[in-house]
Amino acid sequence: MSATADATSLAEQFVEFDAIIHSLRNYRDSETDCVVALFDAGGVMVPEPIQKNYRRPIADGMISPTGAFLGNGIFVVAGDRDCRAYSFAGHKVRELGTVSLEHPAVAVTPTNAIGQFAVLQSNGRVQVFLIEG
């Protein structure tokens, strides 16, 4: 394949959004290969390879979401009122659960334990959660 053919095929791999992206995360393993874009409100999962305008909504209604992938491929996103966990396989999105937050989330980070993550809230509180199963 020539360099021109490579550039052409890569140019066709794009997605357009109607909102400004505030954070972008990606994850790849044997079952999951995707990119997550988070906006002022909500976000989307885009499976790889990227196909023009192909996306799956996540974090519907969530204001100022922030998120992170855990080591097991689960994506955790937290916003103004709640925290949600998602799994992605192929082109499918599955919401695993939701927990309420007392204060808006500032950051989400995985811990060293599988399925465990911490949420830093705007009042300075750090809350640790575990996704079982």
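In this text the structure is predicted, and so the values were computed from the model without any measurement.
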Got a second to check how far S87's OG is from K92's NZ, nearest 0.5 Å? 11.0 Å

Minimum side-chain heavy-atom gap [X]-[Y] below 4.5 Å:
X	Y	answer
T98	C83	no
V35	R25	no
Y86	V36	no

Pairing residues for [X] by the side chain to side chain contact (heavy atoms under 4.5 Å, CB included) criterion, not counting sequence neighbours:
X	result
E102	Q121, R125
R56	M45, Y54, V93
D18	none

Is there a path of hydrophobic side-chain contacts, each under 4.5 Å between heavy atoms of I/L/V/M/F/W/Y residues, joining [Y] to [X]?
X	Y	answer
L96	L101	yes
V99	V77	no
L38	F17	no

Residues pairing under ring pair (Phe, Tyr, Trp, His ring centres under 6.0 Å) where one sits in residues 94-124, two or more places apart or in two chains, turn out to be F117-F129

Which atom of A105 lies closest to which atom of A78, heavy atoms considered: CB-CB, 3.4 Å

As a quick check of understanding, evaluate side-chain contact (heavy atoms from CB on, under 4.5 Å) for R84 and V76, giving each step before the final call. CA-CA 6 Å; R84 301 176 198 164; V76 176; over 6 Å; no

With a 6.0 Å cut-off on the ring centroids, do F75 and Y27 count as close? no

Would you give me the side-chain donor-acceptor pairs under 3.5 Å for residues 106-114, sequence neighbours excluded?
| from | atom 1 | to | atom 2 | distance (Å) |
| --- | --- | --- | --- | --- |
| T111 | OG1 | A113 | N | 3.4 |
| T111 | OG1 | Q116 | O | 3.3 |
| T111 | OG1 | Q116 | OE1 | 2.8 |

Are there more than 12 heavy atoms of other residues, nucleotides or ligands under 6.0 Å from atom CG of L130? yes

Assess whether side-chain contact (heavy atoms from CB on, under 4.5 Å) is satisfied between V44 and F39, documenting all intermediate values. CA-CA 9 Å; V44 294; F39 313 112; 4.0 Å; yes

Show me, pair by pair, the donor-acceptor contacts under 3.5 angstrom made by side chains of residues 58-73, not counting sequence neighbours?
| from | atom 1 | to | atom 2 | distance (Å) |
| --- | --- | --- | --- | --- |
| N72 | OD1 | I74 | N | 3.3 |

